[in-house]
A.B. asks: 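One structure, pasted below without further comment.
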Amino acid sequence: MASPLDDKTRSIIKACVPALEAHGLTITTEMYRRLLANPDIRDLFNISHQKDGEQPKALALAVLAYARNIDNLGAMAGAVERIAEKHVGLNILPEHYPYVADALLGAIAHVLGDAATPEIMDAWGKAYWFLAEILIGREEQIYVAHAAAPGGWVGWRPFRVSRRVEESETVTSFELTPEDGKPVMHHVPGQYLSFRLDVPGHGSERRNYSISSAPGSRSYRISVRRIDNGVVSDWLHDRVKEGTVLQVSAPAGDFTLGNPTPTSIVFLSAGVGLTPFISMLGALGAGAAKAPVRYIHTTRTPATEAFGPYIRDLADRGLLCADIFYSRATPQASQHATGVTTHAGRMTQPWLAQEIDRAATWYICGPDGFMRDTIATLKATGVPESQIRYEFFGSAADSTLAG
């Protein structure tokens with residue numbers, strides 16, 4: 001267990017908050033430059049998040065939050081759990097942490113120059129290893145649980161693509177079956193799989209994709225949207241066929257259905273953000289207890305709407321009621337169904353404010369701007385923060401979503 005930080009160290013870290021507010025992004029950008037110079041460490045990262053600046057922004061926000069909450073680290077519990085789950089998905093090990101320490105401390109000294117006194121550097125060294133020990137301990141617990149679970153594993157496991165399905169003109173599903181023929185561990189609906197991929201012309205790449213199938217013991221399914229000029233999404237859509245073998249780590253993530261299941265649920269998504277909800281709906285449909293479910297989804301056109309027939313079947317059976325928004329099309333009669341209301345145009349926040357169920361637990365997944373606006377509307381209309389749960393794609397590079 002990590003030893004508590006002493007008062008002097010915490011005081012120094014708090015005093016660094018203005019410097020982090022001014023130079024945090026510069027520090028983390030320099031940190032990643034140093035860290036990714038090592039090819040073995042570079043292969044642990046999603047390099048696309050470096051190119052668009054997302055990862056340095058996310059880390060800068062995380063370091064700032066750590067400094068601001070150094071006297072109340074309980075406020076960081078949710079963020080620590082998300083980081084630990086992400087690390088386990090990527091198979092981060094204790095021996096990787098010294099590389100990060102050297103890069104971070106070196107970046108602080110480089111950016112702050114003479115202001116990085118020996119006292120400040122000593123305090124940040126202690127603060128880093130205090131948090132690192134917490135993460136290492138939690139990650140070890142998760143690894144042990146994965147190894148002990150029926151069908152569980154640690155490290156990378158080869159899975160064969162046993163089936164491809166085009167869910168829409170932009171989304172393709174890949175069913176994954178372990179090459180060894182053995183069972184897989186039941187995932188918790190809402191979790192994701194991490195992949196180590198060798199993309200021709202680009203080398204090793206890491207990606208996370210939400211599981212879109214209900215829990216089972218034989219296979220998983222992911223559903224991937226083609227992204228314009230997306231290195232991995234283009235490769236998956238164009239090159240990965242039935243029979244292709246992919247390296248996969250065990251399910252991870254804490255964006256999951258509550259236990260017990262909330263008494264009333266709203267799933268609110270945009271684009272491919274629906275994927276974790278498809279898994280959750282599969283689990284809810286198979287369960288004995290039926291919580292009232294409302295499904296609100298925004299997509300561009302009927303042609304981009306993934307899992308439309310599945311949602312309409314659930315609605316027809318009375319398992320949910322749905323609102324589908326087509327941001328770039330007018331719905332046709334063929335899109336209407338029992339329990340499904342279709343809308344032309346984007347979902348607006350005034351519309352949402354009129355539809356608020358304050359007793360429900362709200363699950364939100366989609367682009368950052370969509371989630372930021374939606375969460376603000378929910379809070380403004382009186383939904384308790386404890387009843388708002390959200391999952392973001394990639395790194396939490398938006399300050400309103402990083403908490």
Side-chain angles (χ1 to χ4, degrees), residues 46 48 52 161-176 192-193 195 197 199-202 205 207-214 219-244 246 267-282 295-316 320 322-337 339-348 364-371 391-394:
N46 180 338
S48 69
D52 61 17
V161 176
S162 53
R163 189 168 178 241
R164 273 182 58 126
V165 176
E166 292 186 4
E167 307 290 357
S168 75
E169 68 177 19
T170 56
V171 175
T172 297
S173 286
F174 301 85
E175 185 173 323
L176 306 167
Y192 55 81
L193 298 175
F195 293 79
L197 306 168
V199 180
H202 296 276
E205 294 281 351
R207 292 295 187 274
N208 304 319
Y209 293 108
S210 295
I211 302 169
S212 61
S213 52
S219 65
Y220 302 113
R221 181 182 65 193
I222 60 169
S223 302
V224 181
R225 179 175 69 90
R226 184 191 288 274
I227 300 171
D228 292 340
N229 300 314
V231 169
V232 171
S233 72
D234 280 351
W235 179 71
L236 286 169
H237 279 254
D238 297 336
R239 302 296 181 186
V240 172
K241 309 299 182 184
E242 293 178 3
T244 300
L246 305 175
F267 293 133
L268 188 50
S269 59
V272 79
L274 57 78
T275 50
F277 301 150
I278 299 301
S279 178
M280 294 179 184
L281 286 168
Y295 175 85
I296 304 172
H297 179 63
T298 295
T299 186
R300 291 181 179 179
T301 70
T304 64
E305 183 187 354
F307 297 101
Y310 177 67
I311 293 300
R312 283 161 178 77
D313 176 64
L314 293 178
D316 186 59
L320 59 77
D323 286 273
I324 311 296
F325 288 82
Y326 300 116
S327 63
R328 299 184 183 179
T330 298
Q332 304 300 312
S334 60
Q335 277 88 55
H336 301 318
V340 177
T341 303
T342 55
H343 308 260
R346 297 179 181 275
M347 183 198 75
T348 67
I364 308 162
C365 189
D368 286 0
F370 167 83
M371 293 196 299
E391 176 80 306
F392 42 78
F393 299 122

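Position 1 is the first residue of the sequence, and the numbers go up from there.
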A.B. asks: For the residue pair Leu320 and Ile311, what are the closest heavy atoms and their distance?
C.D. replies: CD1-O, 4.0 Å
A.B. asks: Step through the shown structure and confirm whether more than 12 heavy atoms of other residues, nucleotides or ligands are within 6.0 Å of CZ on Arg300.
C.D. replies: no
A.B. asks: How far apart are the closest heavy atoms of Glu391 and Met371, and which atoms are they?
C.D. replies: O-SD, 3.0 Å
A.B. asks: More than 12 heavy atoms of other residues, nucleotides or ligands under 6.0 Å from CD of Glu242: yes or no?
C.D. replies: yes
A.B. asks: How close do Ile227 and Asp234 get, counting heavy atoms only, and between which atoms?
C.D. replies: O-OD1, 3.6 Å
A.B. asks: Going from NE2 on His202 to CH2 on Trp235, what distance comes out if it is rounded to the nearest 0.5 angstrom?
C.D. replies: 11.0 Å
A.B. asks: Would you tell me whether Thr301 and Arg328 have side-chain atoms, one donor and one acceptor, within less than 3.5 Å of each other?
C.D. replies: no
A.B. asks: Measure the spacing between OG of Ser212 and CG of Leu193 and express it to the nearest 0.5 Å.
C.D. replies: 9.5 Å
A.B. asks: Quick check: closest heavy atoms across Ala344 and Thr330, and the distance to 0.1 Å?
C.D. replies: CB-CA, 4.1 Å
A.B. asks: Out of the candidates Thr172, Val224, Val171, Asp228, only one should pair with Ser233 under the side-chain contact (heavy atoms from CB on, under 4.5 Å) rule; please name it.
C.D. replies: Val224
A.B. asks: Do Arg164 side-chain atoms and His237 backbone N/O form a donor-acceptor pair below 3.5 Å?
C.D. replies: yes
A.B. asks: Evaluate side chain to side chain contact (heavy atoms under 4.5 Å, CB included) for Asp238 paired with Arg226, printing each intermediate quantity in order.
C.D. replies: CA-CA 10 Å; Asp238 297 336; Arg226 184 191 288 274; 2.6 Å; yes
A.B. asks: Between Tyr310, Phe307, Phe267, which is the residue that forms a ring pair (Phe, Tyr, Trp, His ring centres under 6.0 Å) with Phe277?
C.D. replies: Phe267
A.B. asks: Do you know the tightest heavy-atom contact between Thr244 and Arg239?
C.D. replies: OG1-O, 4.3 Å
A.B. asks: Tell me which one of Ser173, Ser213, Ser210, Ser168 satisfies side-chain contact (heavy atoms from CB on, under 4.5 Å) with Ser223.
C.D. replies: Ser173
A.B. asks: Check this for me: Asn229, atom CG, are more than 12 non-hydrogen atoms of other residues, nucleotides or ligands nearer than 6.0 Å?
C.D. replies: no
A.B. asks: How many angstroms lie between CE in Met347 and OH in Tyr326, if you round to the nearest 0.5 Å?
C.D. replies: 15.5 Å
A.B. asks: Find the distance between CZ (Arg207) and CG (Leu197) and round it off to the nearest 0.5 Å.
C.D. replies: 7.5 Å
A.B. asks: Using the ring pair (Phe, Tyr, Trp, His ring centres under 6.0 Å) criterion, which residues pair with Phe195? Sequence neighbours excluded.
C.D. replies: Tyr209
A.B. asks: Working to the nearest 0.5 angstrom, can you tell me the gap between Leu274 CG and Arg225 CZ?
C.D. replies: 11.0 Å
A.B. asks: Please list, chain by chain and in numerical order, all residues satisfying ring pair (Phe, Tyr, Trp, His ring centres under 6.0 Å) with Tyr295, sequence neighbours excluded.
C.D. replies: His297
A.B. asks: Find the distance between CE (Met280) and OG1 (Thr275) and round it off to the nearest 0.5 Å.
C.D. replies: 9.5 Å
A.B. asks: With side chain to side chain contact (heavy atoms under 4.5 Å, CB included) as the test, would you mind laying out the steps for Ile296 and Phe325 before giving the verdict?
C.D. replies: CA-CA 8 Å; Ile296 304 172; Phe325 288 82; 4.1 Å; yes
A.B. asks: For the CZ atom on Arg346, are there more than 12 heavy atoms of other groups (residues, nucleotides or ligands in this structure) within a distance under 6.0 Å?
C.D. replies: no
A.B. asks: So, for Thr304 and Thr299, which heavy atoms are closest and what is the spacing to 0.1 Å?
C.D. replies: OG1-OG1, 2.6 Å
